[in-house]
Amino acid sequence: MTLRSKPMVLDFAGEYDDAGLRLVAELPDAGGAEDGGTVVLERDAATVTQPGGEIRLAAREPLRVGGDPADVEFVLPESPESTVLTVRGLVVRAEDA
């Protein structure tokens with residue numbers, strides 16, 4: 001994932017059912033002012049919560065379940081030409097209960 005031009009490796013976990021898709025990952029906390037927080041991915045949106053605020057982003061294309069790894073880009077809804085968050089190599093797999 002790239003957020004503010006800072007690549008990081010995150011492990012997402014979550015749920016996929018008839019109500020939708022929701023994946024959550026914790027952001028690393030190295031002690032900086034913008035460190036820590038969470039990233040929540042949904043089928044067509046992402047929410048990034050960090051100290052000092054929260055931002056809601058729109059997916060350029062909805063997340064897919066299954067299939068090959070995909071790069072997913074998220075933009076500000078009011079400024080769709082600028083990518084704010086990129087999740088690279090995302091694979092969403094549904095596990096049997």
Side-chain angles (χ1 to χ4, degrees):
M1 181 181 86
T2 301
L3 178 63
R4 293 192 180 107
S5 300
K6 180 180 178 183
M8 27 186 133
V9 176
L10 301 177
D11 291 322
F12 286 93
E15 300 174 359
Y16 169 71
D17 57 25
D18 292 339
L21 172 70
R22 187 173 192 276
L23 305 174
V24 180
E26 296 296 322
L27 290 168
D29 186 353
E34 295 178 342
D35 288 345
T38 59
V39 176
V40 177
L41 302 181
E42 297 171 285
R43 184 168 299 277
D44 55 5
T47 303
V48 180
T49 305
Q50 291 185 281
E54 179 176 283
I55 187 169
R56 183 115 171 120
L57 305 168
R60 285 197 193 274
E61 295 183 20
L63 297 179
R64 297 182 313 252
V65 176
D68 295 326
D71 293 347
V72 185
E73 295 182 340
F74 295 90
V75 300
L76 290 170
E78 63 273 11
S79 182
E81 67 280 353
S82 299
T83 300
V84 175
L85 170 69
T86 302
V87 180
R88 299 194 187 285
L90 181 67
V91 177
V92 179
R93 293 186 188 105
E95 294 183 4
D96 294 330

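In this text the structure is predicted, and so the values were computed from the model without any measurement.
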| More than 12 heavy atoms from other groups under 6.0 Å of CZ on Arg43 | yes
| message | I need the minimum non-hydrogen distance between Pro51 and Gly36, along with the two atoms involved. | response | CD-O, 3.7 Å
| query | Does the pair Leu21 and Tyr16 meet the rule for a side chain to side chain contact (heavy atoms under 4.5 Å, CB included), with working shown? | reply | CA-CA 4 Å; Leu21 172 70; Tyr16 169 71; 3.9 Å; yes
| said: Let's go through Val39 and Val87 carefully: what are the C-alpha distance in whole Å and the side-chain angles of both, what is the deciding distance for side chain to side chain contact (heavy atoms under 4.5 Å, CB included) to 0.1 Å, and is it a yes or a no? | reply: CA-CA 11 Å; Val39 176; Val87 180; 5.9 Å; no
| remark: side chain to side chain donor-acceptor pair (under 3.5 Å) pairs touching residues 53-62, sequence neighbours excluded, are Glu42-Arg56, Thr47-Arg56, Thr49-Glu54, Arg60-Glu73, Arg60-Thr83
| Under a 4.5 Å side-chain heavy-atom rule over Ile, Leu, Val, Met, Phe, Trp and Tyr, are Ile55 and Val24 clustered together? | no
| Ala25: what forms a side chain to side chain contact (heavy atoms under 4.5 Å, CB included) with it, not counting sequence neighbours? | Leu10, Phe12
| request: Output the distance between atom CG (Leu90) and atom CG (Leu41), rounded to the nearest 0.5 Å. | output: 6.5 Å
| field | Side-chain hydrophobic cluster, 4.5 Å single linkage: members besides Val75 | value | none
| field | salt bridge (Lys or Arg N to Asp or Glu O under 4.0 Å) involving Asp71 - partner list, sequence neighbours excluded | value | Arg88
| note | Applied to residues 75-84, the salt bridge (charged side-chain N to carboxylate O under 4.0 Å, His left out) test, sequence neighbours excluded, yields none
| Which ILVMFWY residues can you reach from Val91 by hopping between side chains whose heavy atoms are under 4.5 Å apart? | none
| task | Could you walk me through whether Leu23 and Val40 pass side chain to side chain contact (heavy atoms under 4.5 Å, CB included), step by step? | result | CA-CA 6 Å; Leu23 305 174; Val40 177; over 6 Å; no
